[in-house]
Colleague: 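One structure, as structure tokens, below. Some questions next.
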Amino acid sequence: MAEIYNHHTVEKKWQKIWDEEKAFRTENDYTKPKFYALVEFPYPSGQGLHVGHPRPYTALDIVARKRRMQGYNVLYPMGWDAFGLPTENYAIKNQIHPKVVTENNVARFKNQLHSLGYSFDWDREINTTDPEYYKWTQWIFLKLFKEGLAYKKEMPINWCTSCKVGLANEEVVNGVCERCGSAVVRKVKSEWMLKITNYADKLLEGLNNVDYIERVKTSQKNWIGRSEGAEVDFSIDGKEDKLRVYTTRPDTLFGATYMVVSPEHPIIDKYKDEITNWNAITEYREMAAKKSDFERTELAKDKTGVVLEGLMAVNPINDTKIPIWISDYVLMTYGTGAIMAVPAHDERDWEFAKKFSLPMIQVVEGKDGVVNIDEAAFTDVATGQMVNSGFLTGLSVEEAKEKVKDFLTEKGIGCRKINYKLRDWVFSRQRYWGEPIPIVHCEKCGYVPLDESELPLLLPEVDSYMPTDNGESPLAAMTDWVNTTCPCCGGSAKRETDTMPQWAGSSWYFLRYTDPTNKEALAGKEALDYWMPVDWYNGGMEHTTLHLLYSRFWHKFLYDQKVVPTPEPYQKRTSHGMILGENGEKMSKSRGNVVNPDDIVRDYGADTLRTYEMFIGAFDLSASWSDDGVKGCRRFLDRVWKLQTILTDGDGYSKDMETKMHQTIKKVSSDFENLKFNTAIAAMMALINDFYKKDAVTKGEYKTLVTLLNPVAPHITEEIWSILGLEGRVYQQSWPVFDEAKTVEATVEIAVQINGKTKTTIAIGKEDPKDQVLTKAKEALGDRLSGNVVKEIYVPGRIVNIVMK
RNA sequence: GCCGGUGUGUCGGAAUUGGCAGACGAGACAGACUCAAAAUCUGUUAUCCGCAAGGGUGUGUGGGUUCGAGUCCCACCACCGGCACCA
């Protein structure tokens with residue numbers, strides 16, 4: 001044994017051996033039980049690996065290694081989500097082709113991941129920018145197009161003034177571009193859209209059949225935002241036109257005292273001549289157009305609005321005339337772009353009515369009848385009772401909702417309606433570094449898809465990938481590429497010059513891993529049947545609405561197309577917490593608190609980094625980095641190494657350690673499965689502390705410890721294994737088993753309490769009957785036991801509690 | 001404003017899900033080894049009173065349920081994250 005554990009030589013040595021042995025290559029042996037573990041593939045940024053990356057990767061590496069030892073055929077792959085704006089921006093800034101930037105970044109990332117000893121099957125590595133890969137991204141788009149799920153639409157989009165690209169609403173964070181942080185303005189452009197809304201119900205229902213952590217399910221549900229309500233037509237006094245509104249509270253129809261329409265609502269222009277305060281309207285509309293959706297809908301701001309003078313609406317339920325206002329808190333993109341306002345029972349309407357002194361009519365009261373709508377809107381649906389509401393009066397809110405919906409339908413003035421918050425997916429980007437959209441625009445034939453045989457449609461080599469100021473993609477300047485012939489009529493036509501968003505490649509990558517070199521299909525049927533669904537997918541909370549929903553949508557579409565065998569892509573989804581800087585803040589260059597994993601690997605070793613990141617705290621919570629904590633983990637590994645100095649013969653467990661060994665195997669096994677790595681490692685630390693206390697460890701005990709620790713610290717454990725002269729490799733061993741009966745201590749110490757306060761402890765045998773334990777407990781309490789004993793409680797193996805008056 | 005999460009020693013965090021609060025790690029202090037330092041080993045380490053035995057107090061705050069509450073219920077406070085005034 002070497003006196004001191006040298007992580008440099010040992011880690012390099014084993015990484016080389018694993019490569020040569022193809023130790024973690026996944027076999028397509030379809031007779032074995034399978035386990036497909038997936039982590040989100042990284043975007044290979046110029047900064048290299050961040051200490052946040054190894055946290056989820058190590059976690060599932062541990063699970064994957066354990067499952068292999070339990071006899072599963074494990075698929076644990078890795079690849080690169082390499083299209084995207086930062087690469088393109090870097091390329092523009094430094095005058096290097098994005099392809100070259102990507103190659104360099106990937107090489108660096110791969111080196112870094114390799115140095116951490118992950119058991120990825122590198123033979124299955126994929127890259128979304130590889131034409132052999134994006135061929136199938138384009139193929140899926142063509143399928144979506146042919147099924148009518150991809151369409152072009154002129155619409156106001158979020159326009160990033162700096163990136164010069166359209167952004168999906170989902171990509172706008174706090175009113176600025178999610179990627180570059182510049183201001184986002186509204187601009188009308190013709191965009192490719194994907195009809196994810198067609199799958200809203202399926203995406204919602206599918207959540208019932210998967211094992212996602214609760215907060216992920218909740219955010220998916222909230223994002224889809226299904227609500228059951230009604231559409232109601234309000235007529236415009238003296239006109240043919242109706243103003244249609246959507247409401248989830250049709251029961252409050254008698255309380256509607258005014259209407260509000262979005263500043264973009266078509267009704268405004270249509271009745272321009274009737275509106276007597278047109279100047280004020282125009283002014284307000286111009287002001288609203290300047291604001292982003294986020295600013296318009298930010299709650300903290302004051303309500304603003306202008307009444308449409310000269311027009312009145314009529315409440316269809318009681319023929320009352322009510323005014324129509326415009327206000328920017330009503331959006332064209334949700335519902336019908338118009339609402340009925342019930343200030344007595346809606347908080348936003350209440351605020352608006354207070355500000356503009358509009359009337360309120362209370363139509364719901366509390367069970368006890370005491371409600372003051374002068375102070376706040378009354379919105380309690382559960383206990384509310386209808387009042388002042390004609391034929392609805394006296395009903396509960398729920399009853400009234402149903403009754404009024406039937407009434408509206410019967411009279412032809414409205415209908416039941418289910419609405420979703422979810423909006424269609426804006427799929428165009430005016431960028432170079434993305435998958436070309438395989439569509440040709442022909443004057444005669446319209447938008448024509450390329451034939452499948454023409455895929456992949458290669459991204460052309462360009463001299464300049466600079467964005468254009470007019471909002472066109474850099475591809476538009478490539479006239480040789482743009483000008484083509486129509487696949488339909490053979491006439492001259494132009495290629496689509498927008499590219500796909502980064503989400504495209506990551507929406508189906510887990511399918512490609514099952515069969516990454518297939519030339520005939522995105523993956524072979526046999527491979528998909530065997531490997532899908534992903535058994536366990538771990539990723540960041542930041543991807544729980546966008547990436548997770550998009551990829552589920554594509555998968556459900558492919559399922560309907562009979563391309564994939566399962567309705568859901570992921571059986572289980574877990575999430576990890578962020579790793580923060582030593583000061584508790586998010587790591588960033590500007591804060592100067594970034595830790596580079598390379599430095600930790602160099603100074604302490606990959607095993608130490610892996611152990612530390614698993615020991616740092618609860619996996620699903622964020623945790624602050626601590627250099628001292630890293631040292632502590634290295635110290636632990638050194639102590640595991642130095643057990644060699646107190647090694648004794650004996651393949652089994654020594655008598656006094658038997659219970660502890662079985663307990664530790666049990667704890668580590670279940671903790672690994674429940675992502676409780678911190679307590680698993682703590683249990684192993686406690687175990688070796690015991691070895692040192694008695695200054696001895698048997699070969700059998702050491703063997704078990706090394707096997708349990710191997711998934712966390714694979715290098716040092718392989719080295720110890722080979723020094724001990726044991727056969728094979730640790731990674732080839734069976735996972736240690738425990739005997740439940742042997743995890744129970746022969747004697748346990750239990751607490752003795754008086755009135756719930758612990759006074760002393762006693763040692764009892766595990767089989768001791770209650771009477772005997774109680775007698776012993778009372779003896780131990782001695783003269784503290786005075787007064788009347790009211791009750792005696794014994795929780796086996798835990799406590800005795802004597803209740804006294 | 002709404003939604004979600006989190007509040008436990010000096011610090012990171014445990015607590016078998018209602019049963020001995022503070023496992024494990026870090027730091028600090030003391031000791032051993034050393035000419036010395038580092039490393040390593042061995043102790044001590046929530047807090048107050050007490051020489052001690054022992055006793056009191058303690059899981060963001062205030063109430064409650066219970067023989068017993070970090071854990072359950074009600075009301076609040078602080079911090080972090082998300083957001084689309086969603087009708």
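Note on naming: letters A, B, ... go to the chains in the order of the sequence lines (proteins, then strands), and numbering restarts at 1 for each one. These numbers come from the heavy atoms of this one structure, side chains and all, not from hydrogens, waters or symmetry mates.
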Colleague: Identify which nucleotide among G4(B), C20(B), G25(B) has an atom closest to any side-chain atom of F615(A), counting heavy atoms from C-beta outward.
Modeller: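 The listed nucleotide nearest to F615(A)'s side chain is G25(B).
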
Colleague: With a 3.5 Å limit on both atom pairs, tell me what A69(B) is paired to, counting Watson-Crick and G-U wobble, or say none.
Modeller: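 Paired with A69(B), as far as the under-3.5 Å criterion goes, is no nucleotide at all.
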
Colleague: Is T758(A) touching bases, backbone alone, or none of the nucleic acid, heavy atoms closer than 4.0 Å?
Modeller: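 Counting heavy atoms under 4.0 Å across all strands, the contact made by T758(A) is with sugar-phosphate only.
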
Colleague: So how far is it from K401(A) NZ to T248(A) OG1, rounded to the nearest 0.5 Å?
Modeller: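 The NZ atom of K401(A) sits 6.0 Å away from the OG1 atom of T248(A).
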
Colleague: What are the two closest heavy atoms between S624(A) and I616(A), and how far apart are they?
Modeller: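 Heavy-atom minimum between the residues: O-CD1, 3.5 Å.
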
Colleague: Among G4(B), G19(B), G55(B), which nucleotide sits nearest the side chain of K759(A)?
Modeller: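 Nearest to the side-chain atoms of K759(A), counting from C-beta on, is G55(B).
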
Colleague: Can any side-chain N or O of N538(A) pair as donor or acceptor with the backbone N or O of P56(A) at less than 3.5 Å?
Modeller: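 Checking the backbone N and O of P56(A) against the side chain of N538(A), no donor-acceptor pair under 3.5 Å is found.
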
Colleague: In whole Å, I'd like the distance from the CH2 atom of W223(A) to the P atom of G4(B).
Modeller: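 Whole-Å distance recorded here is 16 Å.
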
Colleague: Where does G9(B) land, syn or anti, given syn is within 90° of 0?
Modeller: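 Nucleotide G9(B) adopts syn.
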
Colleague: For T248(A), answer base if it contacts any base atom (sugar-phosphate contacts may also be present), sugar-phosphate if it contacts only those atoms, and nothing otherwise; contact means non-hydrogen atoms under 4.0 Å.
Modeller: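 T248(A): backbone/sugar contact only, no base atoms under 4.0 Å.
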
Colleague: In whole angstrom, what separates K421(A)'s NZ from C86(B)'s P?
Modeller: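 For the pair K421(A) NZ and C86(B) P, the rounded distance is 7 Å.
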
Colleague: Output yes when R55(A) and E613(A) qualify as a salt bridge under the 4.0 Å nitrogen-oxygen rule, no when they do not.
Modeller: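 Answer for the salt bridge query: no.
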
Colleague: Where the side chain of R639(A) is concerned, which of C86(B), U42(B), C67(B) is the nearest nucleotide?
Modeller: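 Nearest to the side-chain atoms of R639(A), counting from C-beta on, is U42(B).
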
Colleague: Any sub-3.5 Å donor-acceptor pair from E40(A)'s side-chain atoms to G540(A)'s backbone N or O?
Modeller: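 Confirmed, E40(A) side chain pairs with G540(A) backbone.
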
Colleague: If you pin Y246(A) and I802(A) to their nearest nucleotides in RNA chain B, which one's is more 5'?
Modeller: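 The answer here is I802(A).
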
Colleague: Evaluate Y794(A) against N801(A) for side chain to side chain donor-acceptor pair (under 3.5 Å), listing each step before the verdict.
Modeller: CA-CA 6 Å; Y794(A) 174 47; N801(A) 188 13; over 6 Å; no

Colleague: So that I know where these two stand, are W625(A) and Y612(A) an aromatic pair - ring centroids less than 6.0 Å apart?
Modeller: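 Yes: the rings meet the under 6.0 Å criterion.
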
Colleague: When you compare G63(B) with A69(B), how far apart are their C1' atoms, in angstrom units rounded to a whole number?
Modeller: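 Rounded to whole Å, the distance is 14 Å.
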
Colleague: If the C1' atom of G25(B) is compared with that of C73(B), how far apart are they to the nearest Å?
Modeller: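 Per the computed distance, 35 Å lies between those C1' atoms.
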
Colleague: Between atom CD1 in I754(A) and atom P in C20(B), what is the gap in whole Å?
Modeller: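 Value for this atom pair: 17 Å.
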
Colleague: If you measure from the C1' atom in U8(B) to the same atom in G60(B), how many Å do you get, rounded?
Modeller: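 It works out to 10 Å between them.
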
Colleague: Going by the glycosidic torsion and a 90 degree boundary from 0, is the base of U17(B) oriented syn or anti?
Modeller: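 Syn, angle within 90° of zero.
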
Colleague: Quick check against the 3.5 Å criterion: does T257(A) have a side-chain atom that pairs as donor or acceptor with the backbone of P359(A)?
Modeller: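 Yes.
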
Colleague: Could you go through nucleotides 46-48 of chain B and list every protein N or O atom that sits under 3.5 Å from one of its N or O atoms, giving the distance for each pair?
Modeller:
none

Colleague: Rounded off to whole Å, could you give me the CE-to-P distance for the M340(A) and C86(B) pair?
Modeller: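 In whole Å, C86(B) P and M340(A) CE are 15 Å from each other.
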
Colleague: Is the ring pair H543(A)/W503(A) parallel, tilted or perpendicular, if the boundaries are 30 and 60 degrees?
Modeller: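 Perpendicular.
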
Colleague: Any strand counts, and the cut-off is 3.5 Å on both contacts for Watson-Crick or G-U wobble. Which nucleotide pairs with G4(B)?
Modeller: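 C80(B) - that is the nucleotide pairing with G4(B), both distances being under 3.5 Å.
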
Colleague: For N315(A) and I322(A), indicate whether the former's side chain and the latter's backbone hold a donor-acceptor pair under 3.5 Å.
Modeller: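 A pair under 3.5 Å: no.
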
Colleague: Measuring only the C1' atom in each nucleotide, how far is G12(B) from U65(B)? A whole number of Å is fine.
Modeller: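 To the nearest whole Å, 34 Å.
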
Colleague: Identify all pairs in which a protein N or O lies below 3.5 Å from an N or O of nucleotides 14-17 of chain B, and state each distance.
Modeller:
| unit_1 | atom_1 | unit_2 | atom_2 | d |
| --- | --- | --- | --- | --- |
| A14(B) | OP1 | A618(A) | N | 3.4 |
| A14(B) | OP1 | N678(A) | ND2 | 3.0 |
| A15(B) | OP1 | K676(A) | NZ | 3.1 |
| U16(B) | O2 | R798(A) | NH2 | 2.9 |
| U16(B) | N3 | R798(A) | NH1 | 3.1 |
| U16(B) | N3 | R798(A) | NH2 | 3.1 |

Colleague: In terms of relative ring orientation, are F352(A) and Y258(A) parallel, tilted or perpendicular, with 30° and 60° separating the classes?
Modeller: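 Judged by the thresholds at 30° and 60°, the geometry between F352(A) and Y258(A) is parallel.
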
Colleague: Base, sugar-phosphate alone, or nothing: which one does D349(A) contact when heavy atoms must sit under 4.0 Å apart?
Modeller: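 D349(A): no heavy atom of the nucleic acid under 4.0 Å.
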
Colleague: Give none if A15(B) has no partner; otherwise give the nucleotide forming a Watson-Crick or G-U wobble pair with it, both distances under 3.5 Å.
Modeller: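 In the structure as shown, A15(B) has no Watson-Crick or wobble partner.
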
Colleague: Give the C-alpha distance, both sets of side-chain angles, the deciding distance and a yes or no for side chain to side chain donor-acceptor pair (under 3.5 Å) between S227(A) and N419(A).
Modeller: CA-CA 5 Å; S227(A) 67; N419(A) 236 2; 5.4 Å; no

Colleague: Considering just the side-chain nitrogens and oxygens of S219(A), establish if one lies under 4.0 Å of OP1 or OP2 belonging to G82(B).
Modeller: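 Indeed not, no polar side-chain atom of S219(A) lies that close.
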
Colleague: Using the C1' atom as the reference point in each nucleotide, state the distance between G19(B) and G13(B) in Å, no decimals.
Modeller: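 Their C1' atoms lie roughly 22 Å apart.
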
Colleague: Just the rounded figure in Å: distance from C1' of C41(B) to CG of D638(A).
Modeller: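 So the two atoms are 14 Å apart, to the nearest Å.
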
Colleague: Rounding to an integer number of angstrom, what distance separates C24(B) and A46(B) when you compare their P atoms?
Modeller: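 Nearest-Å result for C24(B) against A46(B) at atom P: 13 Å.
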
Colleague: Now, which nucleotide makes the Watson-Crick or G-U wobble pair with G27(B), with each of the two distances under 3.5 Å?
Modeller: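 G27(B) is paired, partner U45(B).
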
Colleague: How far apart are the closest heavy atoms of Y284(A) and S327(A), and which atoms are they?
Modeller: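 Looking at all heavy atoms of both residues, the shortest contact is OH-CA, 3.5 Å.
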
Colleague: Just the rounded figure in Å: distance from C1' of G81(B) to CG of N222(A).
Modeller: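 Rounding to the nearest Å, CG of N222(A) and C1' of G81(B) are 15 Å apart.
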
Colleague: Let's see if you can work this out: which of C20(B), A87(B), C86(B) has an atom nearest to the side-chain heavy atoms of A751(A)?
Modeller: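 Nearest to the side chain of A751(A) among the choices is C20(B).
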
Colleague: Hey, which sits more toward the 5' end of RNA chain B by its nearest nucleotide, G225(A) or T247(A)?
Modeller: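 Its nucleotide being nearer the 5' end, the pick is G225(A).
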
Colleague: For I616(A), which contact category applies under a 4.0 Å heavy-atom criterion: base, sugar-phosphate, or nothing?
Modeller: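 Sugar-phosphate contact only.
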
Colleague: Spell out, as yes or no, whether a donor-acceptor pair under 3.5 Å connects the side chain of R416(A) to the backbone of A230(A).
Modeller: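 It does not hold such a pair.
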
Colleague: Partner of A38(B) by Watson-Crick or G-U wobble geometry, both contacts under 3.5 Å, or none?
Modeller: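 Pairing partner, where one exists within any strand: none, as none qualifies.
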
Colleague: For the side chain of K757(A), counting heavy atoms from C-beta on, which of U57(B), C67(B), G25(B) is nearest?
Modeller: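 Selected nucleotide: U57(B).
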
Colleague: Quote, to the nearest angstrom, the C1' distance that separates C35(B) from G43(B).
Modeller: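 It comes out at 26 Å once rounded to the nearest Å.
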
Colleague: Would you indicate, yes or no, if C20(B) has its OP1 or OP2 atom less than 4.0 angstrom from a side-chain nitrogen or oxygen of N801(A)?
Modeller: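 For C20(B), OP1/OP2 do not have a side-chain N/O of N801(A) under 4.0 Å.
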
Colleague: Please determine if E779(A) and K776(A) form a salt bridge, counting it only when a charged side-chain N lies under 4.0 Å from a carboxylate O.
Modeller: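 No, this pair does not count.
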
Colleague: Grab the N/O contacts between the protein and nucleotides 26-33 of chain B below 3.5 Å, and write none if there aren't any.
Modeller:
| unit_1 | atom_1 | unit_2 | atom_2 | d |
| --- | --- | --- | --- | --- |
| A26(B) | OP1 | R635(A) | NH1 | 2.7 |

Colleague: Which value, rounded to the nearest 0.5 Å, describes the distance between D671(A) atom CG and F619(A) atom CZ?
Modeller: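 So the CG of D671(A) and the CZ of F619(A) are separated by 13.5 Å.
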
Colleague: Whole angstroms only, please: what is the OH-P distance between Y612(A) and C24(B)?
Modeller: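 That distance rounds to 19 Å.
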
Colleague: Nearest-Å distance, CZ (R226(A)) to P (C86(B))?
Modeller: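 From R226(A) CZ to C86(B) P: 19 Å.
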
Colleague: So what does R634(A) hit on the nucleic acid, given a heavy-atom distance under 4.0 Å: a base, only sugar-phosphate, or nothing?
Modeller: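 Counting heavy atoms under 4.0 Å across all strands, no contact is made by R634(A).
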
Colleague: Would you mind telling me which of A87(B), C20(B), G13(B) lies closest to the side-chain atoms of Q753(A)?
Modeller: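 Given the options A87(B), C20(B), G13(B), the side chain of Q753(A) is closest to C20(B).
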
Colleague: Using the C1' atom as the reference point in each nucleotide, state the distance between A26(B) and G9(B) in Å, no decimals.
Modeller: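 Comparing C1' positions in A26(B) and G9(B) gives a spacing of 13 Å.
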
